[in-house]
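Heads up: the structure comes next, in structure tokens.
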Amino acid sequence: RKEVEQDPGPFNVPEGATVAFNCTYSNSASQSFFWYRQDCRKEPKLLMSVYSSGNEDGRFTAQLNRASQYISLLIRDSKLSDSATYLCVINYGQNFVFGPGTRLSVLP
Amino acid sequence: EAGVAQSPRYKIIEKRQSVAFWCNPISGHATLYWYQQILGQGPKLLIQFQNNGVVDDSQLPKDRFSAERLKGVDSTLKIQPAKLEDSAVYLCASSPDNSYEQYFGPGTRLTVT
């Protein structure tokens, strides 16, 4: 089993839709969790950290389920500008492991 | 605030040649990372520096890859000799003390022919 797995995608959704991505991880010692966004041929940028209690930033909600070892990202009211690849990142000790990413295309 | 700088942005070399990439992190950031991102995959951590010391280089193919961060600021990543499978984007990132938030540079796109 890979260390970090994500929904394979791509997700093609209309503007205004709600979309959710999942990410599972295998190392139960994982300590910190993040969602990064990567536009085509650009560098990754931090979207949000994921806290145990769940957290929200505008239209974005991140949740962590330690028992089942997964994190999720919910995007409400999708915008065209949300089109990108979403990478989940797991940290344990000094290690950072990126998932393969889930590509989202928001269609007009 | 200036971001992470990398050069060159693009490089095309033939297999068995050598290549070097340069990274200048955000001023004051103690931690510096080098990642390899192959097309269609997520970035893979190659090496992590804390100031000028290596924290983790477990995934660095040490028979051909080397990296250094002299004086705890700039860093260089070298590949010698290159193989076709080294074709990828090489990303440098930095983060400040007491933070796991990583700021990435624009990357160097390497093509090995």
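Lettering follows sequence order; numbering is per chain, from 1.
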request  = Please check if B:L32 and B:F104 belong to a single hydrophobic cluster, counting links between Ile, Leu, Val, Met, Phe, Trp and Tyr side chain heavy atoms closer than 4.5 Å.
outcome  = no
ask   = With B:Y33, which residues qualify under ring-ring contact (aromatic ring centres under 6.0 Å, His included), at least two apart?
value = A:F96
query = For chain A, which of B:G105, B:P106, B:P43 has the most heavy-atom pairs under 4.5 Å?
reply = B:P43
message = If I compare all heavy atoms of A:G93 with all of B:Y100, which pair ends up nearest, and what's the gap?
response = O-OH, 4.2 Å
request  = Would you mind reporting whether A:F34 and B:Q102 have side-chain heavy atoms less than 4.5 Å apart?
outcome  = no
task = Return the minimal non-hydrogen interatomic distance between A:L87 and B:G42, and the atom names on each side.
result = CD2-CA, 4.2 Å
ask   = Heavy atoms under 4.5 Å from chain A: which residues of residues 48-67 of chain B carry them?
value = B:Q48, B:V55, B:D56
inquiry  = With a 6.0 Å cut-off (strictly less than), is the heavy-atom count around CZ of A:R103, excluding the residue itself, greater than 12?
reply    = no
query = So which residues of residues 22-31 of chain A are in contact with chain B at a heavy-atom cut-off of under 4.5 Å?
reply = none
remark   = If you tally heavy-atom pairs under 4.5 Å between each of A:L46, A:N95, A:V4 and chain B, the highest tally belongs to A:L46
key: Contacting region of A:Q38 [heavy-atom separation from chain B under 4.5 Å]   = side chain
request  = Indicate if B:L46 and B:L84 have the same hydrophobic cluster label, given that clusters are the connected sets of ILVMFWY residues with side-chain heavy-atom separations under 4.5 angstrom.
outcome  = yes
Neighbourhood of chain B inside residues 50-81 of chain A, taking heavy atoms under 4.5 Å as contact = none
query = Hey, is CD1 on B:I12 packed in by over 12 heavy atoms from elsewhere, all under 6.0 Å?
reply = no
request  = Give a yes or no on whether A:W35 and A:V19 share a hydrophobic cluster (residues Ile, Leu, Val, Met, Phe, Trp, Tyr; joining criterion: side-chain heavy atoms under 4.5 Å apart).
outcome  = yes
ask   = Is there a path of hydrophobic side-chain contacts, each under 4.5 Å between heavy atoms of I, L, V, M, F, W or Y residues, that connects B:Y35 with B:F21?
value = no
inquiry  = I'd like to know if A:F21 and A:V89 are part of one continuous hydrophobic network [Ile/Leu/Val/Met/Phe/Trp/Tyr, side-chain heavy atoms within less than 4.5 Å].
reply    = no
key: chain B contact via A:R41 - side chain, backbone, both or neither, heavy atoms under 4.5 Å   = both
